[in-house]
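The structure under discussion appears below in the form of structure tokens.
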Amino acid sequence: MKTALVSLHANRPKYSKQVLDAMDHQSSELFHIASLEDSCAQKEEINAMLESKKLSYAGIEVIYNKQIPHTNNNLINALKHLVSSLHGFDAYIYMEDDTLFSKGAVSFLLNHLKIHKDNPRFSHVAIGALEDNIPLNPKNLSRWRNEYDWCALWGYAAPISMAHKILELTKPIFTPDEREKIRNDHSLVWDNCYANYFRNEGMYCITPVISRLNNIGVDGGLHSSGKTWKSWEGL
């Protein structure tokens with residue numbers, strides 16, 4: 001599989017640095033497409049971070065969301081670039097500016113993507129898990145399960161067909177009023193749009209029993225529930 005890493009960045013360089021650092025030594029075979037808000041006050045600082053990481057990837061391209069700052073627009077910007085790329089990607093890994101992958105996360109994603117990619121009901125491989133009280137041991141680290149009613153999209157790997165479907169389902173934001181509407185109706189945000197499609201179509205995703213993701217966001221931005229997965233520590 002020719003696989004790209006797609007990352008979204010807002011105005012939080014301290015989080016972007018942690019996320020990018022966590023990918024060191026996991027991503028040397030991936031091409032990196034980084035989408036950055038053009039209005040971001042810290043754009044140059046984040047650009048410098050991305051430039052410093054270029055040897056960690058097979059290649060890197062930084063693109064800019066010049067529309068109204070919003071995750072929907074930043075994501076559309078990134079996925080349009082992904083699917084139209086002359087590199088001919090057939091899969092991708094997605095992460096946001098506060099989704100910190102643990103060691104071995106990329107291997108977990110790519111291994112299960114390879115196993116399931118040809119199943120017509122398969123959606124994606126998630127890196128997060130629902131539970132956080134399972135003992136951390138080598139056996140549990142290798143365990144996984146099918147999820148038919150939970151669509152984890154904080155960090156995932158998927159065939160390129162999922163990028164096309166998300167683009168089809170996601171509404172662009174053209175005006176401040178539209179942004180406010182989506183802020184008050186989360187069903188219009190890209191991840192909820194896709195999750196509804198996922199459930200309606202009876203699809204499944206693969207999730208690890210032990211989470212390989214730590215969401216470090218606590219102060220706004222792309223994804224900021226502030227949830228910390230205890231099982232992630234030390235992996």
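Just so we're clear, the structure is a prediction, and the values are computed from it rather than from any experiment.
Screening His116, Arg121, Glu147 for a side chain to side chain donor-acceptor pair (under 3.5 Å) involving Tyr204 leaves a single residue, His116.
In this structure a side-chain-to-backbone donor-acceptor pair under 3.5 Å is missing from Arg212 to Val106. Remark: the backbone N or O of Asn72 is paired with a side-chain donor or acceptor of His70 at under 3.5 angstrom.
By the 4.5 Å heavy-atom criterion applied to side chains, Asn47 and Tyr64 are counted as neighbours. Between Asn111 and Val125, every side-chain heavy-atom pair lies at or beyond the 4.5 Å cut-off. Using a 4.5 Å heavy-atom cutoff, the side chains of Ser56 and Met23 are not in contact.
Taking the six-membered ring where tryptophan is involved, the planes of His32 and His9 are tilted, since the angle between them lies from 30° to 60°. By the 30° and 60° cut-offs, the orientation of the rings of Tyr94 relative to Trp190 is perpendicular.
Minimum interatomic distance between Leu82 and Ala4 (heavy atoms only, all atoms of both residues): CD1-CB, 3.7 Å. In terms of heavy-atom proximity, Val6 sits nearest to Ala78 at CG1-CB, 3.6 Å. Scanning all heavy atoms of the two residues, the minimum distance from Ser187 to Cys193 falls at O-SG, 3.2 Å. Closest non-hydrogen pair, Pro208 versus Ala129, comes out as O-CB, 3.1 Å. Closest approach of Asn77 and Asn65 over heavy atoms only: ND2-N, 3.3 Å. Taking both residues in full, the closest heavy atoms of Val19 and Asp97 are given as CG2-O, 3.3 Å, listed atom of the first, atom of the second, then distance.
Between Lys165 and Glu168 there is a salt bridge, with a side-chain nitrogen of the basic residue lying less than 4.0 Å from a carboxylate oxygen of the acidic one.
In this structure, Tyr148 is a member of the same hydrophobic cluster as Phe122, with clusters built from ILVMFWY side-chain heavy atoms closer than 4.5 Å. A continuous path of hydrophobic side-chain contacts links Leu169 to Met162 [ILVMFWY only; heavy atoms under 4.5 Å]. Residues Met1 and Met95 fall within the same hydrophobic cluster, defined by Ile, Leu, Val, Met, Phe, Trp and Tyr side chains chained together at heavy-atom separations under 4.5 Å. Taking hydrophobic clusters as Ile, Leu, Val, Met, Phe, Trp and Tyr residues chained together by side-chain heavy-atom distances below 4.5 Å, Ile127 does not share a cluster with Ile115.
Side-chain atoms of Ser123 and Tyr194 include a donor-acceptor pair closer than 3.5 Å. Asn74 and Ser35 form a side-chain donor-acceptor contact under 3.5 Å, judged by distance and modelled atom types alone.
More than 12 heavy atoms of other shown residues, nucleotides or ligands fall within 6.0 angstrom of atom CD in Glu201. Within 6.0 Å of the NE2 atom in His25, the count of heavy atoms belonging to other residues, nucleotides or ligands does not exceed 12. Residue Lys17 places its NZ atom among 12 or fewer non-hydrogen atoms of other residues, nucleotides or ligands, all under 6.0 Å distant.
Taking the six-membered ring for Trp, Tyr92 and Phe31 have ring centres at least 6.0 Å apart.
Every residue meeting the side-chain contact (heavy atoms from CB on, under 4.5 Å) condition with Ala126, not counting sequence neighbours, appears here in chain and number order: His124, Ala152, Thr207. Asp90 meets the salt bridge (Lys or Arg N to Asp or Glu O under 4.0 Å) test with no other residue; sequence neighbours excluded.
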Evaluation steps, side-chain contact (heavy atoms from CB on, under 4.5 Å), between His164 and Val83: CA-CA 7 Å; His164 285 283; Val83 301; 3.7 Å; yes
side-chain contact (heavy atoms from CB on, under 4.5 Å) evaluation trace for Gln67 with Ile173: CA-CA 8 Å; Gln67 294 177 287; Ile173 312 301; over 6 Å; no
